[in-house]
Number of protein chains: 2
Amino acid sequence: MVRTARYSEEDFIEATMALVGEGGPAAATMQAIARRVGAPTGSIYHRFESRAAVLGAAWNAAYGSFTRALAPLLHEGRPRDAALAILPWSRENGHRARFLLLHEPVTLFEDTPPPAPQRLELERLEEAFDGAFRACLAVRRGDTQGADALCEEELARAKFLIFDAPIAILRPHLMRGGTLPPFVERMIAELHAGMPVAATQARGPRPAASHEGGPAGIPSHAA
Amino acid sequence: MVRTARYSEEDFIEATMALVGEGGPAAATMQAIARRVGAPTGSIYHRFESRAAVLGAAWNAAYGSFTRALAPLLHEGRPRDAALAILPWSRENGHRARFLLLHEPVTLFEDTPPPAPQRLELERLEEAFDGAFRACLAVRRGDTQGADALCEEELARAKFLIFDAPIAILRPHLMRGGTLPPFVERMIAELHAGMPVAATQARGPRPAASHEGGPAGIPSHAA
DNA sequence: CGCATTCTAAAACGGTCATTCTAATTGGTA
DNA sequence: TACCAATTAGAATGACCGTTTTAGAATGCG
């Protein structure tokens, strides 16, 4: 090394997350990222090989931070606490939360997928998070046979309850940009009380629809 | 009128929804839309004043079709059936479903908001759908005082249960592009059994977290 | 039968963006 | 101190996109 870098990789990543969080993926042009950092456009290319690499790195940073907050709780078999942990994480990560929870990767990487390094790291992160879900289910069921004998439905239920549903509860408020109202916590807690991930002790195979008829037989659109 | 049009407004709208559903908003360039229809680029401007107008019209078409399927059930006070009605609607509207349910308006209109005609129609549609939610809550509570005395939390709960949560259940499968597995119906039904929109008869003020402690007191990130 | 009007058709324009290029600068090291 | 690779700095390039323009074709009406 001979010259000390003035702008770090993290500077560009932070600027990218802020721009996407505020104005959507299209707002994060290379020139906008550079301007926000105070650097010339070309400097980004000394750290990242392309725009897709910057977006990929930003996504991995946000996703990594998020999963690091939830994974330990999942491994301890505490799905409800994991779902609730999304709240403090969102409050403490303004930029990151809006960036990660308001945009699907599809819309971020639609034009060009991120290059190999970022793609591989994302695969690692996703695999680790998936493993945490499976471990959580195994713990809740008191499984000794490991976390492999899970059907697709069980995993989908867990991901919905711990990940997608809390995010759906938060999304309207993240979008409006204000602070999260206190009732979002109540809603997540109620959700987990009424539709548990998996029963701890034997509690009957499934809660089953309690009133107003079973789950089968959707009426068609009207009446 | 003097010359019969070869390409209709609906042609361009349909192509737009298909392109966005397949490749995200950036895939729906004016040239791509025209190419898919088989028309020259300029022809679109005989029907729409700008790209934002095309996207807005497409959004309104999809959103209108969706709300027309749900609103009657809401007005009848059948929130569970409304949530379940999203399933057949999605199966019958491949393009539309992926377009509407996989993309937030924020990411569609980030650069330029749609012009007045489309913006106004969207406001009408949103107001009508909002009214349906309020009506549903009023019916469920047996309210005689109308649908105005609703707190923010009640409305947020209803929208989550009937709209956002079912969509969150469907999203992974819409993304993969395959057919919807049968267990998504069970999940929606269970959700409504465990966390009802509003009790029909007096059933106690709130279900309250049944086991493993009340809703208050989130542990911080670990342990 | 021709004309006004609405459309198709395709090329052209202006702007923006990602990326590259050239030159100047920096600061640890020999 | 003199060097030199890594970096800053900012302009230049080439591609693509939304929109406009120009020209020609079709059709109902007088």
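All chains are named by letter (A, B, ...) in the order of the sequence lines, taking the proteins before the strands, and each is independently numbered beginning at 1.
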Atom OH of Tyr45(A) to atom P of dA18(C): distance rounded to whole Å?
7 Å
Check this for me: does any side-chain nitrogen of one of Asp11(B) and Arg47(B) sit under 4.0 Å from a carboxylate oxygen of the other?
no
Starting from the C-alpha separation in whole Å, work towards a yes-or-no answer on side chain to side chain contact (heavy atoms under 4.5 Å, CB included) for Trp89(B) and Leu100(B).
CA-CA 12 Å; Trp89(B) 184 87; Leu100(B) 184 76; 3.9 Å; yes
Separation of atom CG in Asp111(A) from atom P in dA15(D), rounded to whole Å
18 Å
Do the non-hydrogen side-chain atoms of Trp59(A) and Val20(A) ever get within less than 4.5 Å of each other?
no
If I take atom CG in residue Leu55(A) and atom C1' in nucleotide dA18(C), what distance separates them, rounded to the nearest angstrom?
12 Å
From CA spacing to verdict: ring-ring contact (aromatic ring centres under 6.0 Å, His included), Phe163(A), Phe66(A)
CA-CA 11 Å; Phe163(A) 188 75; Phe66(A) 182 87; 5.6 Å; yes
Below 4.0 angstrom, which residues in residues 112-119 of chain B have at least one non-hydrogen atom near DNA chain D?
none
Under the ring-ring contact (aromatic ring centres under 6.0 Å, His included) criterion, do Phe183(A) and His173(A) qualify, and how do the steps go?
CA-CA 11 Å; Phe183(A) 65 76; His173(A) 308 102; 5.8 Å; yes
Determine, for Arg36(A) against Glu22(A), whether the closest basic-nitrogen to carboxylate-oxygen distance falls under 4.0 angstrom.
yes
Assess the residue pair Leu19(B) and Thr29(B) against the criterion (side chain to side chain contact (heavy atoms under 4.5 Å, CB included)); give the C-alpha distance rounded to whole Å, side-chain angles, the decisive distance to 0.1 Å, and a yes or no.
CA-CA 9 Å; Leu19(B) 285 167; Thr29(B) 69; over 6 Å; no
Considering only heavy atoms, which members of residues 23-37 of chain A lie under 4.0 Å from some atom of DNA chain C?
Thr29(A), Met30(A), Gln31(A)
Carefully, step by step, assess Glu9(B) and His46(B) under the rule side chain to side chain contact (heavy atoms under 4.5 Å, CB included).
CA-CA 9 Å; Glu9(B) 213 164 295; His46(B) 285 273; over 6 Å; no
Atom-pair distance (CD1 on Ile44(A); P on dC17(C)), nearest Å
13 Å
Rounded to whole angstrom units, what separation is found between the CZ atom of Phe48(A) and the P atom of dT7(D)?
13 Å
Is there a side-chain contact between Asp164(A) and Ile169(B) (heavy atoms, below 4.5 Å)?
no
Would you indicate whether the side-chain heavy atoms of His192(A) and Leu161(A) approach each other to under 4.5 Å?
yes
Passes side chain to side chain contact (heavy atoms under 4.5 Å, CB included), Leu102(A) versus Glu104(B)? Steps please.
CA-CA 8 Å; Leu102(A) 248 38; Glu104(B) 298 283 341; over 6 Å; no
For nucleotides 8-10 of chain C, give me every protein contact, N/O to N/O, under 3.5 Å, one pair per line with atom names.
unit_1, atom_1, unit_2, atom_2, d
dT8(C), OP1, Arg6(B), N, 3.2
dT8(C), OP1, Tyr7(B), N, 3.1
dT8(C), O4', Arg3(B), NH2, 3.4
dA9(C), OP1, Arg6(B), NH1, 3.1
dA9(C), OP2, Tyr7(B), OH, 2.7

